[in-house]
Amino acid sequence: MLKRVGVQEIFLPKKVPSDPTFRSASVDWSEDERLTIPKEDLAILNAADWYEETDPDAWRIASQHFQLVFFIVLNAHFFRSVLRHFDGAKVWRTYGLSDPPLSYARLLSLFGWRKEPFWSARATGSLWFGQAYSHLADVEPTWLAERAVYLPAGLHDTDIQDDWTGSDRRIFFVCPDIAFNDYYQEVYRDFKRTFAGLPYVVGGAQPLRIPDDHVLGYVSSEQHRQNMRSFAVMYYHSSERYHVHYHPFEAVRAGMPLVFQGGGLLDRLGGLKLPGRCKTPEEARSKVERILAGDKQLIGQIKESQSVLLDTMKAEHCEPSWRTGIDLILKKTEEERSTAPVVRKKRVAVILPVAYRGGSLRGAKLLAHAVAIGSQQSGSPVDVVFGHLDDPASYPDREFDDLPGHIERRAFHWRKLSQGEALRACAYAGVEVPLSPATYAVPDDGINQFLDCDLWIFVSDRLQFPVLPVRPYALMVYDYLQRYVPIMDEKASQRAIDRAHAAEVVLVTTDFTANDARQFAGLPARKVKKVPLLAPAFGATGGSARGAPPASEYFIWTTNLALHKNHQNALEALRIYYEEYDGRFECHVTGVDTDKLFTRKLPHLVAAREIHSASRALKTSLRTEGDLPDAVYRRRLRDAAFLWHPGLIDNGTFSVVEAASFGVPALSSDYPAMREIDRQFELGLTWSDPNDPTDMAGKLKQMETAQRSTPRPEVFARHSLNRSAGEYWQVIQEFL
């Protein structure tokens, strides 16, 4: 049809889904020789998987060389991908579904069942509903129905072959996938009830063997044609009004008599008054019995009349509608391009959803800066907005002295919306789909709920309620500690996992967390993107000369009050260090709420308090300093003998990198994420067993004579913000 209406260059996919139920799976290279696009571009197109979330480079090439893309929707991520990345007209080829309430709009919602809505009417400006039958859009919502264009389904060859003999006196019934498809299982059961006692065979591919002698399974094309010539009659079961299979038309073309149930799409295509039409299963059995008995009159009536079913599938019938449809699509697409408003500069919001401070706050600010730098480097600069809770106690202005001036800062509070309020808010934003949870949340900045931003990036998955689906959002997830430490109950853990499934993409900084995201949270691998740890310019070029002993007599333990920080073992290790190993250096404890380490009444801190209370040495040599201002912390870290990280497990602490930037060595618990950081930054960490206080104490004693070292500038340069920002932008730009 495309060639008949003047389209000369057509690209066909070379990779198809491995799912055995996917039957639109012919692969053909013949059109490649007619393409005038560069060979290197064609190679990229041929290597792409056009049924999954296709690589943006392949979409870029497709947009450069082609005006239209025809596609079917097998999953949600491909639908997002084609809407997001193809610049030309997008024609969703639709052949109909089972009767309402199932519709294509409903299908999109079903595909997004774990993620909530992932599309909106605003995203579908160049989308066309390419219906194969003229009434399919009747059951679709306005946003989709008004984009309907009739591109009728046809057969390449509609000439009646009439080489049917009917010598094999059996019913030919086509029913694939019987072993695992509920729909076809029920169809087959109904067929056997209707035609019990009559001879029959079942055609159609069966990926799993069926222990039923009637079932032929997959056959070659030649055998299929022979079956069409030899079996006495085909029975077609479907009375669905919005979908029809192709094999009834193949039977008509072969000259085989077709007996079919009325009420379905065949009625609309000319079958309403045909003698092969049946109102009930009983009538169908009666007509089939007459044909099997050789009733020439009935056979003749059916064969002579049923060719009308091919009329709408003939090329000469289809061509005018295709020509009109393609002309309309191209004309409207060009008009929409020429009248499109000037596209404003994109805006990205980096949002801290809870009152994180310390390293989490520093990481969020670095992320915002990386987005800005990466977009600048790519030549597509965006505005970046940094959002944090409206909590002056947690976020005094001085906390943002290091935030670049071009990054706007907004305080917000979480606003909860009932389902009804959420539906209205989505409608105003152009999202017209049903919402299932009873409560949603939106970050309310007192302006317009960050709706002026095109993408939201939440630096955590700790979101109590589903985010109102009016903007795509990404998550920065540093760890899944709940897999290893009981830091939250099962309900809260599942809530965090659900938020990750709803995100467009989940950013992680270590392979350790990437594995947890896939294995524990169940995220598909395509959604999990590893990005580099962002290294702040922490300021020093070196400490003492290489090999010199530490000048100070204290070390820093930077921590907080979380369960996984391993306070009990750490305090026991300190007690052994001071009381049994005659430890010389003071321990200065810094970090959020560490000044309350021995006063906060948390169950997991009871044992640590008891160890501290019973040890005079600890009371003398351990100082809890709380959350120090960055400038003060940097001075303390610069002058420290070493840094101690006795945590149990997490995504790794960046404090060891900060220490290395001053030439300060570090003693760290040995677990996978810390090993990754050590390799990445070539730190040469000293390791201890976080479950063995004696080992930890011995390593603390060993660190008294640790040598300071000059950081390797080339290593830190490789991981600088300017170097790493591009990798962040490469991920983020796909969702704008």
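Count residues from 1 along the sequence.
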K.L.:
Would you say the side-chain atoms of H719 pair up with the backbone N or O of Q680, donor to acceptor, closer than 3.5 Å?
P.N.:
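Indeed, once roles are kept as given, a pair shorter than 3.5 Å links the two residues.
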K.L.:
Check the orientation of F450 and W456. Use parallel for under 30°, tilted for 30 to 60°, and perpendicular for over 60°.
P.N.:
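Ring orientation of F450 relative to W456: perpendicular.
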K.L.:
Please list, chain by chain and in numerical order, all residues satisfying side-chain contact (heavy atoms from CB on, under 4.5 Å) with D55, sequence neighbours excluded.
P.N.:
D57
K.L.:
Salt bridge or not between R499 and D461? Use side-chain N to carboxylate O under 4.0 Å.
P.N.:
no
K.L.:
For residues 397-406, which side-chain donor-acceptor pairs fall under 3.5 Å, sequence neighbours excluded?
P.N.:
unit_1	atom_1	unit_2	atom_2	d
D397	OD1	R409	NH2	3.1
D402	OD1	K365	NZ	2.9
D402	OD2	K365	NZ	3.4

K.L.:
Listed by chain and number, what are the side-chain contact (heavy atoms from CB on, under 4.5 Å) partners of P17, not counting sequence neighbours?
P.N.:
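If we apply the side-chain contact (heavy atoms from CB on, under 4.5 Å) test to P17, skipping adjacent residues, the hits are F22, Y51, L74.
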K.L.:
Do D452 and I447 come within less than 4.5 Å of each other through their side chains, counting heavy atoms only?
P.N.:
no
K.L.:
What side chain to side chain donor-acceptor pair (under 3.5 Å) pairs are there with at least one residue in residues 367-381, not counting sequence neighbours?
P.N.:
S378-W729
K.L.:
With heavy-atom distances below 4.5 Å as the criterion, would you say the side chains of F71 and W50 are in contact?
P.N.:
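No; the side chains remain at least 4.5 Å from each other.
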K.L.:
When you measure from the side chain of S360 to the backbone N and O of Y356, does any donor-acceptor pair fall under 3.5 Å?
P.N.:
no
K.L.:
Counting N and O atoms only, with roles assigned by atom type, does the side chain of D678 sit under 3.5 Å from a partner on the main chain of G684, one being a donor and the other an acceptor?
P.N.:
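Checked: pair present.
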K.L.:
Looking at N566 and P690, would you say the former's side chain and the latter's main chain have a donor-acceptor pair under 3.5 Å?
P.N.:
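Looks like yes, one N/O pair under 3.5 Å.
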K.L.:
Report the residues that fulfil side-chain hydrogen bond (donor to acceptor under 3.5 Å, both in side chains) with Q449, sequence neighbours left out, ordered by chain and then residue number.
P.N.:
D444
K.L.:
With F512, which residues qualify under ring pair (Phe, Tyr, Trp, His ring centres under 6.0 Å), at least two apart?
P.N.:
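Expected list: Y484.
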K.L.:
Kindly say whether H501 contributes a backbone atom to a donor-acceptor pair with the side chain of K527 at under 3.5 angstrom?
P.N.:
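Side chain of K527 to backbone of H501: a pair is present.
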K.L.:
Where do F681 and F654 land on the ring pair (Phe, Tyr, Trp, His ring centres under 6.0 Å) test, with the steps shown first?
P.N.:
CA-CA 11 Å; F681 288 90; F654 206 79; 5.8 Å; yes
K.L.:
Look at the side chain of T54 and the backbone N and O of D49, then say whether any donor-acceptor pair between them is shorter than 3.5 Å.
P.N.:
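Indeed, once roles are kept as given, a pair shorter than 3.5 Å links the two residues.
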K.L.:
For A368, which residues count as a side-chain contact (heavy atoms from CB on, under 4.5 Å) partner, sequence neighbours excluded?
P.N.:
V350, V384, F386, I407
K.L.:
Are L481 and M488 close enough that some pair of their side-chain heavy atoms sits under 4.5 Å apart?
P.N.:
no
K.L.:
Under 3.5 Å, is there a donor-acceptor pair linking the side chains of S81 and W59?
P.N.:
yes
K.L.:
Should R410 and D445 count as an ion pair when the cut-off is N to O under 4.0 Å?
P.N.:
yes
K.L.:
Using a distance-only test with no angle check, is there a side-chain donor-acceptor pair under 3.5 angstrom linking N651 and T510?
P.N.:
yes
K.L.:
Taking R708 for its side chain and F662 for its backbone only, find out whether a donor-acceptor pair lies under 3.5 Å.
P.N.:
yes
K.L.:
Evaluate ring pair (Phe, Tyr, Trp, His ring centres under 6.0 Å) for F585 paired with F555, printing each intermediate quantity in order.
P.N.:
CA-CA 7 Å; F585 292 172; F555 62 90; 7.2 Å; no
K.L.:
With sequence neighbours excluded, give me every salt bridge (Lys or Arg N to Asp or Glu O under 4.0 Å) pair touching residues 720-736.
P.N.:
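For residues 720-736: none.
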K.L.:
For atom CD of E40, decide whether the heavy atoms of other residues, nucleotides or ligands shown that lie under 6.0 angstrom number more than 12.
P.N.:
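Above 12, so yes.
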K.L.:
Within 45 degrees of the ring normal and closer than 6.0 Å to the centroid, is that where the cationic atom of R675 sits relative to W687?
P.N.:
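So R675 does make the cation-pi contact.
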K.L.:
Counting only N and O atoms by type, is there a donor-acceptor contact under 3.5 Å from the side chain of K90 to the main-chain atoms of G88?
P.N.:
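Side chain of K90 to backbone of G88, a donor-acceptor pair under 3.5 Å: yes, one is there.
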K.L.:
Under the rule for side-chain contact (heavy atoms from CB on, under 4.5 Å), what residues qualify as partners of K699, not counting sequence neighbours?
P.N.:
L667, T686, S688, D695, Q702
K.L.:
List in chain and number order the residues that pass ring pair (Phe, Tyr, Trp, His ring centres under 6.0 Å) with Y728, two or more places apart in sequence or in another chain; answer none if no residue qualifies.
P.N.:
none
K.L.:
Between T509 and Y478, is there a side-chain donor-acceptor contact under 3.5 Å, judged purely by atom types and distance?
P.N.:
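Checked: Y478/T509 side chains show no N/O donor-acceptor pair below 3.5 Å.
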K.L.:
Please name the pair of heavy atoms, one in T594 and one in L561, separated by the smallest distance, quoted to 0.1 Å.
P.N.:
CA-CD2, 4.4 Å
K.L.:
Go through the structure and list residues passing ring pair (Phe, Tyr, Trp, His ring centres under 6.0 Å) with H588, not counting sequence neighbours.
P.N.:
Y554
K.L.:
Do V459 and I351 come within less than 4.5 Å of each other through their side chains, counting heavy atoms only?
P.N.:
no
K.L.:
Would you call D511 and K530 a salt bridge, taking side-chain N to carboxylate O under 4.0 Å as the test?
P.N.:
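Salt bridge flag = yes for K530 with D511.
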K.L.:
Can you tell if the side chain of D454 reaches within under 4.5 Å of the side chain of V348, non-hydrogen atoms only?
P.N.:
no
K.L.:
Using side-chain hydrogen bond (donor to acceptor under 3.5 Å, both in side chains) as the criterion, list what pairs up with T653, not counting sequence neighbours.
P.N.:
S655
K.L.:
When you measure from the side chain of D390 to the backbone N and O of H413, does any donor-acceptor pair fall under 3.5 Å?
P.N.:
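No, because the side chain of D390 does not come within donor-acceptor range (under 3.5 Å) of the backbone of H413.
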K.L.:
Under a 4.0 Å N-O cut-off, is there an ion pair linking D627 with R357?
P.N.:
yes
K.L.:
Please answer whether the main-chain N or O of E586 pairs with a side-chain N or O of R623 as donor and acceptor at a distance below 3.5 Å.
P.N.:
no
K.L.:
Once rounded to the nearest 0.5 Å, what's the spacing between atom NZ of K565 and atom CH2 of W557?
P.N.:
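Those atoms lie 10.0 Å apart.
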